[in-house]
Every structure is written in C-alpha cells, then in structure tokens.
2 protein chains.
Amino acid sequence: MGGTRRIDPVNCSVARALSVVGERWSLLIVREAIDGVTRFNDFRDRLGIAGNLLAARLDSLVAAGVLLRVPYREPGTRQRYEYRLTRRGLDLRPTLLALLEWGDRYLADPEGPSVVVRHHSADDEHACEEPVRISLECAAGHRDLPPSAIHRTPGPGARFVDST
Amino acid sequence: MGGTRRIDPVNCSVARALSVVGERWSLLIVREAIDGVTRFNDFRDRLGIAGNLLAARLDSLVAAGVLLRVPYREPGTRQRYEYRLTRRGLDLRPTLLALLEWGDRYLADPEGPSVVVRHHSADDEHACEEPVRISLECAAGHRDLPPSAIHRTPGPGARFVDST
DNA sequence: AGCCTGAGTTGAGAAAGTAAATCTAGGAGG
DNA sequence: CCTCCTAGATTTACTTTCTCAACTCAGGCT
C-alpha cells in the first residue's frame with residue numbers, strides 16, 4: 001500500500017466521450033448533421049461510408065442521445081426516418097472546431113483551410129461574419145490561456161489508483 | 001453537370017485531424033503525454049492498452065509529429081527511448097478540453113467530474129486556480145458564441161463537389 | 001553465469017471496418 | 001392487379017485492426 005495516488009486515467013470524461021465519438025466516423029457524421037444532413041443516403045453519399053457501418057454508427061449515436069430518429073413523410077412517399085441532431089450533438093461543436101483548428105494549423109492544404117467557420121447570428125445585429133476560434137478561459141476571466149497555463153486537478157467524482 | 005456545388009466534406013481539416021488522432025487510443029495517449037508520461041510502460045500501465053498497439057500508435061504519433069522519440073539514459077542503465085510531446089501535441093489541448101467538457105456535461109458520474117482543469121501559470125502572479133473552459137469567440141471580439149451562431153463557409157483551400 | 005528490467009515483438013483469436021449485392025415497403029405507372 | 005422505382009437499410013464475404021498473453025532483447029547488477 002505504498003506509493004502515491006493519482007487520478008485514475010480510465011475514469012475520465014475524455015475517455016467516456018471518446019467511447020461515444022472516438023472512432024473513425026462518429027465525429028464526421030456529427031459534422032454532417034451539424035451541416036444539416038439528416039438522411040441515411042445523404043450521410044452515405046457525402047462521407048463515402050459503408051451502409052452497414054453507417055447504420056451501426058447512427059444507431060449508436062441515437063443510443064448515446066447525439067441524434068434523434070424521427071419519422072417523417074414527404075407527400076407521395078411512405079413514412080421514412082431521419083436523424084436529427086440533439087442539443088447533445090450540437091454541443092460537440094467546440095470539439096469539432098478544436099479539431100478543425102488543429103487540422104488547419106498542421107495539416108492544411110498549401111492553399112489554406114478548406115473551411116472557415118464564421119460568426120453569424122440569426123438576428124442581423126450580431127452577424128459579423130468574422131472567423132471563429134476556440135479560446136481557453138478561466139472562471140476568473142483570464143482569457144486566451146496558453147496550453148502550458150492549465151493543469152489537471154481531481155474533481156468531485158475522482159477515483160484514484162496507486163502508483164508503484 | 002447541373003446541381004449546386006457544396007464544400008467537399010472529405011477535403012476537410014476535421015477529417016485530416018481525425019486521420020491522425022481519430023481512433024480509440026491516440027487522444028488518450030496524448031492526454032497521458034500532456035500529463036507528463038513519456039515512457040512506453042507507463043503509457044501501457046496507465047491506459048491498459050496492448051503493447052503492440054501502443055507501439056503502433058506511438059510510431060504513428062511520432063510520424064505525425066505529435067510525439068518525439070528521444071533517447072535518454074538514466075545512470076546505471078542502458079540507453080532507452082522516451083516519447084515527448086511536441087508543440088503539435090500540446091496544441092491538442094483544446095480538443096481534449098472540449099471533449100472533457102462534453103463528457104462532463106453528458107456522461108459524468110453522479111458525484112461530478114473526475115477531473116477539473118484549472119488555470120495555473122508558472123509565474124505565481126496569474127495562478128488563480130479557477131476552472132478553465134472552452135469558449136468560442138470571433139475575430140471581432142464577440143465572445144461565448146452559442147453553437148447556433150456559427151456556420152461553415154468555404155476557405156481558400158476549398159474543393160467543391162456537385163450535388164445532384 | 002544467471003537474473004532483473006524497460007522496452008518492445010510475435011502470434012492467435014476476436015472485433016470492427018469495407019465493398020458490393022440484396023432486401024423491403026409503399027407509391028406510381030400501366 | 002402487377003411490375004417498377006426509391007430511400008433506407010440488411011446481408012454476406014472479405015480485410016484490417018484490436019486484444020491478450022507470451023516471448024525476446026540488450027544491457028546492468030550480483
């Protein structure tokens with residue numbers, strides 16, 4: 001029973017989040033959904049994902065509450081289902097934006113990024129169309145914290161493991 | 001050749017970023033690296049990842065410039081290698097923080113989050129220890145943009161595809 | 001010489017992903 | 001009524017990736 005204790009690296013919200021959106025397609029499906037895609041064949045055609053895998057991913061995203069399976073019917077057709085983004089899914093935007101920013105910085109085409117995310121509000125007052133970026137800020141109001149200015153501390157639900 | 005054009009969803013920095021850190025373990029390895037882990041067996045023991053897969057992931061992260069393989073030698077032992085985070089790897093912090101925030105919001109233990117990231121600067125002046133969060137802000141200075149206030153637009157490197 | 005340790009490698013079996021063909025339920029056309 | 005069409009999947013066969021456990025390898029230590 002010696003050794004120091006550290007935060008259990010497996011009992012962590014990052015790991016849990018990754019168990020929902022942590023493989024090849026989930027985040028791309030969410031990105032398309034954010035972009036307005038709702039139908040099976042549209043996801044398939046835009047992403048080039050195999051049908052069975054898309055079906056499995058959509059199911060797991062529905063089970064995780066990221067998408068909602070909603071029946072709809074267009075006039076002259078039978079009832080079908082579409083997959084609508086939930087609040088939970090929308091809240092993955094910062095994650096996607098963070099990945100986009102990282103990809104733009106380190107993996108972009110020489111011509112530049114292929115996508116720019118801009119500020120655009122429904123009420124025209126705040127529609128400034130400026131590019132949006134991710135910023136780290138602390139509850140005391142310090143903004144634009146550099147990566148080195150943050151550190152992990154145990155939270156209320158922390159579990160610990162002994163290190164040898 | 002009719003139809004409207006849209007941004008090619010495959011030529012996208014999100015997809016590229018995910019090709020580097022988009023499967024099961026990469027981001028967790030980066031998280032451990034951010035937490036100070038550098039040695040093969042420490043990654044393996046903390047994450048419970050299989051050795052061969054860890055070796056493969058470390059190689060691909062080194063190839064992607066996220067980690068650097070550095071020889072070192074402790075007194076009384078032979079030379080070994082450790083894996084050190086690069087700037088590129090450090091810059092994945094916002095992504096990890098965004099995932100952490102999402103996981104905390106939707107998948108946390110009832111007791112609360114297991115990890116809290118706090119502001120902590122090396123020079124004590126700015127060490128406020130307040131929790132850090134992700135914020136979307138635009139270049140015009142509008143802060144805390146809600147998910148609905150942003151939209152994707154083509155950037156300089158955009159490719160287009162025809163939709164039918 | 002034989003043992004210990006950190007850092008991997010190897011190999012077998014399970015799970016996940018890919019591609020292409022097939023199924024299905026209802027509407028439309030004849 | 002019978003057949004075709006279509007969006008939305010499901011099935012099948014194949015390939016790749018992941019997991020677990022055992023093994024190797026190069027030094028230093030005793």
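Bear in mind that the values here come from a model prediction, so they are computed numbers and not experimental data.
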Of the listed dA7(D), dT18(C), dG11(C), the closest approach to the Trp25(A) side chain comes from dT18(C)
- prompt: Does any non-hydrogen side-chain atom of His151(B) lie less than 4.5 Å from one of Asp35(A)?
  reply: no
Atom CG of Asp59(B) and atom P of dT17(D) are separated, to the nearest Å, by 14 Å
(message) Over all strands shown, is Tyr83(B) touching base, sugar-phosphate only, or nothing at heavy-atom distances under 4.0 angstrom?
(response) sugar-phosphate
Self-check item: Salt bridge present between Arg57(A) and Glu23(A) (N-O < 4.0 angstrom)
Solution: yes
Which of dA7(C), dA9(D), dT19(D) is nearest the side chain of Tyr72(B)? It is dA7(C)
Whole-Å distance, Asn41(B) CG to dC4(C) P, equals 17 Å
Ile49(A) CD1 to dT18(C) P, in whole Å, measures 7 Å
Margin query: How about CZ on Arg24(B), more than 12 heavy atoms from neighbouring residues, nucleotides or ligands closer than 6.0 Å, or not?
Written below: no
Atom CG of Leu54(B) and atom P of dC18(D) are separated, to the nearest Å, by 12 Å
Ala55(A) has its side chain closest, among dG8(D), dG8(C), dT10(D), to dT10(D)
Taken to the nearest whole Å, CG/Leu47(A) to C1'/dA19(C) is 16 Å
message = Same cluster or not: Leu96(A) versus Leu96(B), using hydrophobic residues (I, L, V, M, F, W, Y) connected whenever any side-chain heavy atoms lie under 4.5 Å apart?
response = yes
Separation of dA7(D) atom P from Arg69(A) atom CZ, nearest Å, is 17 Å
Here the distance between atom C1' of dT16(D) and atom CG of Leu53(B), to the nearest Å, is 12 Å
Here the distance between atom C1' of dT19(D) and atom CG of Asn52(B), to the nearest Å, is 8 Å
*Would you call Glu101(A)-Arg93(B) a salt bridge at under 4.0 Å N-O?*
no
Per-nt protein contacts along nucleotides 24-30 of chain D (heavy atom under 4.0 Å; B base, S backbone sugar-phosphate only, - none) come out as --BSSS-
- Query: Should Arg46(B) and Asp42(B) count as an ion pair when the cut-off is N to O under 4.0 Å?
  - Reply: no
Q) For Arg44(A), which contact category applies under a 4.0 Å heavy-atom criterion: base, sugar-phosphate, or nothing? A) base
(request) In plain terms, say whether Arg159(B) and Asp109(A) are close enough for a salt bridge, that is, a side-chain N and a carboxylate O under 4.0 Å apart. (result) yes
Requested in this report: Have a look at Arg24(A) and say if it touches a base, only the backbone sugar-phosphate, or nothing, with a 4.0 Å heavy-atom cut-off.
Outcome: sugar-phosphate
